[in-house]
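Below is one structure, written out as C-alpha cells, with a few remarks after it.
In the text below, chain A, chain B and the rest are named by the order of the sequence lines, each starting its count at 1. These figures come from a predicted structure and were not determined experimentally.
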2 protein chains.
Amino acid sequence: MSKTATTNDTRTPCELCPLRGKPSFREFDADELDFVSHFKRGELAVDAGATILVEGSHSAHLFTVLSGWAFRYKVLEDGRRQILNYVMPGDLLGLQGTIMGEMQHSVEALSPVTLCVFERDKLMTLYNRHASLAFDLTWIAAQEERILDEHLLSIGRRSALERAAYLLAYLHQRASAIELFSGRTVLPVTQQHIADTLGLSIVHTNKTLKKLAERKLIRWQERGCDVLDGQGLADLAEWNGISEGKRPFI
Amino acid sequence: MSKTATTNDTRTPCELCPLRGKPSFREFDADELDFVSHFKRGELAVDAGATILVEGSHSAHLFTVLSGWAFRYKVLEDGRRQILNYVMPGDLLGLQGTIMGEMQHSVEALSPVTLCVFERDKLMTLYNRHASLAFDLTWIAAQEERILDEHLLSIGRRSALERAAYLLAYLHQRASAIELFSGRTVLPVTQQHIADTLGLSIVHTNKTLKKLAERKLIRWQERGCDVLDGQGLADLAEWNGISEGKRPFI
DNA sequence: CGGCAACTTGAATTACTTCAAGCACGGTGG
DNA sequence: CCACCGTGCTTGAAGTAATTCAAGTTGCCG
C-alpha cells in the first residue's frame, strides 16, 4: 500500500513493446497498433509486495502487465485468503472494474511489476472502431474463465498432492510460454502463497511439497520453487496443459 | 446422451422473447433486436438429464437458455466430477467453443431446457456491426469470471457449512432475480449435485444440509432444496450477494 | 412385486488442521 | 563485531473434519 509506485509518461512506445515479438502472442496490424498506442496513457511501476488493485475500489484504469509477477485474490472477513490466479506479462488487469463498476478482487505484486495504463473512457471507442480488439477482450475474458474452471476442478476434486502438482505444472507452463525464465525456472512464490492457492494449511502444504521434492519433480529454493519436471507434475495431476496457439493481448 | 432433443425452426420470435420483459435484463433497441433475430437460427429442446455440450467437442453453435436449469461441469479420468456453475434462463452457453475451438467443459440439463441456437459464423459480424452487443459478450464473460472467483473462494477457504450456505444462497438469489420460481422456491438438484459443487462427499453433504435444515434455513424436499431464509444463508457464509443492476443477454 | 434412484445413518479410517517449537537466513542497530 | 528481530521453512504431536464403507429406508416406475 505505502510501497513506492512510480508513474511515468509512456516510456516504452507500443511499437517497441517487448512482448510483441514473443512467439506466443498474436501480431497487430498497423491500425490496431496505432489505436493501442493512443489508448495507452502511461506506465506504472510497483515494488514487490505492493497492492495494485483493491477489492471494492472503483478502478479508474485498465492495465496490461509488461513485466513481473502478481496474483489476484479475495479474502473473507476473518482474514482467510484465497488466491484466484496468477498474473504474468501480457495479462490484462482491471477489466472487471472497468466493465462492472467495482473490483471484486485484489491484486498484489510478487516481484517488481511494470504495467501499461489504459484509459477507461476510451474503452467504448475500442468496441466501436476495432472489432478485432473487442473480440480479443472477449477472448481474454473467456480464457480466464477457462483457467478458473480448471482451478475449481483442482481444488474441488483433486487430492493435496495432485492439486500441488497441477498448480506448479500450470505456473511452470505459463511462465515457459512467455519466456519468463532466464535460465533458471524458479517461481517467485512462498509456501504461504501455494497454500492460499490450493486451499490448504501451510503445514500440510509444506509436507505435500516435500513429497513432490522426494519424487524429484520440484526442488524448493530460497524464496521460490524450482520445477524440475513439468511433464511429470502434469501427469501426476492428470492435466493436459493449456492450448498452445497464439493468444491476443492489448 | 440418447435423450430426446428436438430442433425446430424459430418458434419464439425474438420480439416476443419471454425473457425480454423481465426486470433484471437490459432492453434492446430496434437495431439490436433486428440483428439478434437474424442471428438466431432456431430453438432446441432437451429433456432433463440430457447432455447439451460435451468437453472436447467442437461445438458448432452458441446457445442462450430460454427456459429450464442446467449445470456446467468437468470430470477427471477416474470419474471425479466438479460442477463449475449453474445455468439459468438468459445465460449464454458455448462461447468458449466458439471462440477458442474446443469446449473445455460439459453441460447437462437439470430440468427440461429450451435453448436459442445461434450461428457461430455470424459472430464476427456481431463484433463488426454491433459494438454494444460485442461489449455485452465481454460483460457476460467477465461476469462469469466473477462468479467463478467467488466459488473458488468458497471451495478453497470456507468450511463445509459455510460453503453449502453460500451455494444455496447464490442459487436462490439468482433464481429469484429472474423469477424462476412460481410460488415455491425449490431448487431442482439432488444432494449429489450439491456435493459435486462443494467438493465434498455425498455423505458429508447430507449431514451438512441437515444442519442447515435444523437451523430452519432450508428444507429438503422430494427432488430438491427449498430455501426458507436466503438472507440467513448469506449471513452464515459472510456473502454479500450479486450486484443487482440490469444485465445484458443475447 | 421387484428394482432403481435418492436420501439417511453409524462406525471406522484417513486427510488435513491446529498447536507448538525450533532452525536458518538476512537485515538492522548498537 | 555481535545481538536482535522478523520472515520463511520444517517437524512432531494432538485434534478435527471429512471420507469411505456398509447397511437400511423411502418413494417411484414398470
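Side chain of A:Val203, nearest nucleotide from D:dT19, D:dG12, C:dT8: D:dG12. For B:Leu200, the side-chain atoms get nearest to D:dA18 when compared with the rest of C:dC16, D:dA18, D:dG8. Side-chain proximity of A:Ser201 to the nucleotides C:dT18, C:dC7, D:dA18 is greatest for C:dT18. In this structure, the nucleotide among D:dC9, D:dT20, C:dC16 sitting nearest to the side chain of A:Asn206 is D:dC9. Distance from the side chain of B:Lys207 is smallest to C:dG10 among C:dA6, C:dG10, D:dA18. Proximity note for A:Gln191 (side chain, C-beta onward) versus D:dT10, C:dC7, D:dG8: the nearest is D:dT10.
Per the geometry, CZ belonging to A:Arg157 stands 11 Å off C1' belonging to D:dT19, to the nearest Å. Rounding to whole angstrom units, CD1 of residue A:Ile202 and P of C:dA21 are separated by 18 Å. A:Trp220 places its CH2 atom 18 Å from the P atom of D:dT7, with the value rounded to the nearest Å. A:Gln192 places its CD atom 12 Å from the P atom of C:dT17, with the value rounded to the nearest Å. Computed from coordinates, the A:His204 NE2 to C:dA20 P distance equals 21 Å when rounded to whole Å. Distance CG (B:Leu161) to C1' (D:dT16): 15 Å, rounded to an integer number of Å. Distance CD1 (A:Ile218) to P (D:dC9): 11 Å, rounded to an integer number of Å. Computed from coordinates, the B:Gln221 CD to D:dT26 P distance equals 19 Å when rounded to whole Å.
Taking the six-membered ring where tryptophan is involved, the planes of B:Tyr170 and B:Tyr166 are essentially parallel, since the angle between them stays under 30° and well short of 60°.
For B:Asp78, the CG atom counts as densely surrounded, since its 6.0 Å shell holds more than 12 non-hydrogen atoms of other residues, nucleotides or ligands. B:Arg215 CZ: 12 or fewer foreign heavy atoms inside a 6.0 Å radius.
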ask   = Run the ring-ring contact (aromatic ring centres under 6.0 Å, His included) check on B:His193 and B:Tyr86 step by step: do they pass?
value = CA-CA 10 Å; B:His193 291 121; B:Tyr86 291 81; 7.4 Å; no

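B:Arg72 places no side-chain N or O within donor-acceptor distance of the main-chain N or O of B:Val107, the cut-off being under 3.5 Å.
When heavy atoms are screened at a 4.0 angstrom cut-off, A:Gly199 is found touching the sugar-phosphate backbone but no base atom.
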